[in-house]
Amino acid sequence: MKELIYFDNAATTPIRPEVYEEIKPYIEEHFGNPSSIYSIARDSKKAIDKARQQVADALNAQPAEIYFTGCGSESDNWVLKGVSSALKNKGNHIITTCIEHHAILHTCEYLEKNGFEVTYLPVDEYGKISLDDLKAAIRPETILVSVMFANNEIGTVEPIKEIGAICHEKGIYFHTDAVQAFGHIKIDVQDMNIDFLSISGHKIGAPKGIGALYIRKGCKIDNLIHGGQQERGRRAGTENVIGIVALGKAAEMAMAEIDEVTAKLTYLRDKLINSLLSKIDYARLNGHPVDRLPGNVNISFEFIEGESMLLLLDNYGICASSGSACTSGSLDPSHVLLAIGLPHEKAHGSLRISLGYQNTEEQVDKLIEVLPPIVQRLRDMSPLYEEIKNKNK
Ligand SMILES: *Cc1c(COP(=O)(O)O)cnc(C)c1O
């Protein structure tokens with residue numbers, strides 16, 4: 001059997017072996033409901049407390065400011081809907097960006113249908129917002145600014161600390177979708193003036209179906225699920241103990257290894273970028289050259305379709321993505337690639353490679369070996385490429 005080469009860590013990650021070991025007892029024996037009072041229930045309760053502390057430590061937050069949710073999308077929905085509802089008498093204006101994940105964008109569309117106004121900040125050719133644009137967009141009715149920490153498609157890291165400072169000065173809540181950044185970039189909610197922050201377990205080696213929302217103490221937000229007293233009454237429902245334990249362990253491990261993993265991934269990322277751009281013509285890097293996630297490579301190859309590249313890569317056991325997992329299955333080019341100014345035809349030929357701690361240099365070398373002939377093979381079938389070649393003769 002050929003080796004699986006998994007380069008789609010921005011879409012999801014495998015469960016880390018150490019995380020699996022940590023959750024095993026909660027699958028096999030400690031099944032007690034954390035709200036009950038006998039000892040196996042207390043074990044579950046203690047495990048949740050420990051995980052809450054682990055996640056809080058990773059953000060320089062207090063455990064009481066961490067709320068476990070079902071996923072990153074739920075955390076994003078909760079902030080936008082919960083703050084809008086809690087502050088509707090103060091104002092009806094929200095500022096976000098045009099490159100957010102759909103969990104933010106589609107929630108904003110929903111709010112727009114319900115009386116809120118949303119400003120979508122544009123980005124430059126590297127995917128960064130401008131702080132001047134942000135300042136100019138702020139109105140007396142602005143109640144929330146939501147800017148993602150790092151983009152899931154092109155890896156660009158936004159100037160979060162500067163955005164936080166502007167919001168703080170104006171007394172406006174600041175939320176960041178840190179699903180891609182968490183565990184990869186050091187985050188300090190105090191230093192960065194972050195009021196709300198979303199994370200997701202399955203992007204950092206925990207299972208799917210667990211996320212968390214950081215809510216700064218004292219910030220106003222409506223409760224999400226009404227029911228029992230779980231998550232201090234704000235997000236009721238018997239806790240996903242297994243997911244919570246996993247998220248805590250995964251967060252702790254990611255933070256313990258962050259310097260080492262960042263160095264390794266940055267090296268592999270830059271090797272991939274430099275080699276592919278030098279071996280393949282009519283190719284360009286998408287996203288910021290320096291301020292980008294350590295594991296993110298996003299390159300557009302002209303004259304071909306990203307999906308055809310993915311199918312041929314799959315023959316070698318290589319998993320990657322064409323821009324965004326959320327847009328595959330639809331023919332629309334990614335909203336992020338269009339926002340950085342790529343014309344449709346270049347956006348269509350984009351490939352996202354997202355590396356994880358488990359990837360090796362041999363795997364990266366394999367991709368550098370197999371991708372140039374794949375691109376050539378597809379271009380040889382393209383009439384457009386034929387035309388350009390003839391022109392340049
Ligand atoms: C994956 C992702 C989400 C959604 O997280 P889920 O846990 O899959 O719902 C939100 N925002 C960003 C930036 C993501 O990459």
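Read the numbers this way: they start at 1 and go in the same order the structure lists the ligands and their atoms. Numbering of residues begins at 1 and proceeds along the displayed sequence. For clarity, every value in this text was computed on a predicted model and none was experimentally measured.
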With a 4.0 Å heavy-atom cut-off (strictly under), which part of E74 contacts ligand 1: side chain, backbone, both or neither? neither

Salt-bridge test for K128 and D133: reply yes if a basic N is under 4.0 Å from a carboxylate O, no otherwise. no

Closest to atom 4 (C) of ligand 1 (heavy atoms only, candidates S73, A10, G209) is S73

Does M148, backbone or side chain, put an N or O under 3.5 Å from an N or O of ligand 1? no

Nitrogen or oxygen atoms of N152 and ligand 1 under 3.5 Å apart: no

For Y357, does the six-membered ring have the charged nitrogen or CZ of R16 within the cation-pi criterion, i.e. under 6.0 angstrom from the centroid and within 45° of the normal? yes

Ring centre gap for F196 and Y214 strictly below 6.0 Å: no

Of the protein's non-hydrogen atoms, which lies at the shortest distance from atom 11 (N) of ligand 1, and what is that distance? D177 OD2, 2.7 Å

Among all protein heavy atoms, pick out the one at the shortest distance from atom 3 (C) of ligand 1; state its residue, atom name and that distance to 0.1 Å. H101 NE2, 3.5 Å

Protein contact of atom 15 (O) of ligand 1 - nearest heavy atom, named by residue and atom, plus distance: Q180 NE2, 2.7 Å

The side chain to side chain contact (heavy atoms under 4.5 Å, CB included) partner of F68 among R52, Q230, E239 is R52

Residues, nucleotides or ligands: over 12 heavy atoms within 6.0 Å of Q62 CD: no

Closest heavy-atom pair, T69 versus S75, reported as atoms and distance to 0.1 Å, is OG1-OG, 2.9 Å

Per-atom filter on ligand 1: closer than 4.0 angstrom to a heavy atom of C71 are 6 (P), 7 (O), 9 (O)

K271 bridged to D365 by N-O distance under 4.0 Å: yes

Ligand-residue contact atoms, ligand 1 with H202, heavy atoms, under 4.0 Å: 6 (P), 7 (O), 8 (O)

Going by the 4.0 angstrom heavy-atom rule, the piece of K203 near ligand 1 is side chain

Tell me, please, whether Y67 has R232 positioned over its six-membered ring: NZ or CZ under 6.0 Å from the ring centre and within 45 degrees of its axis? yes

Can you tell me the protein heavy atom closest to atom 7 (O) of ligand 1 and the distance? S200 OG, 2.6 Å

Taking 4.0 angstrom as the limit and counting only heavy atoms of V179, give me the atoms of ligand 1 inside it, by number and element. 1 (C), 2 (C), 3 (C), 10 (C), 11 (N), 12 (C), 14 (C), 15 (O)

Heavy-atom pair with the smallest gap, counting every atom of I172 and L144: CG2-N, 3.8 Å

Around atom 6 (P) of ligand 1, find the nearest protein heavy atom and jot down its residue, atom name and distance. G72 N, 3.5 Å

At under 4.0 Å between heavy atoms, is it the side chain or the backbone of A103 that contacts ligand 1, or both, or neither? neither

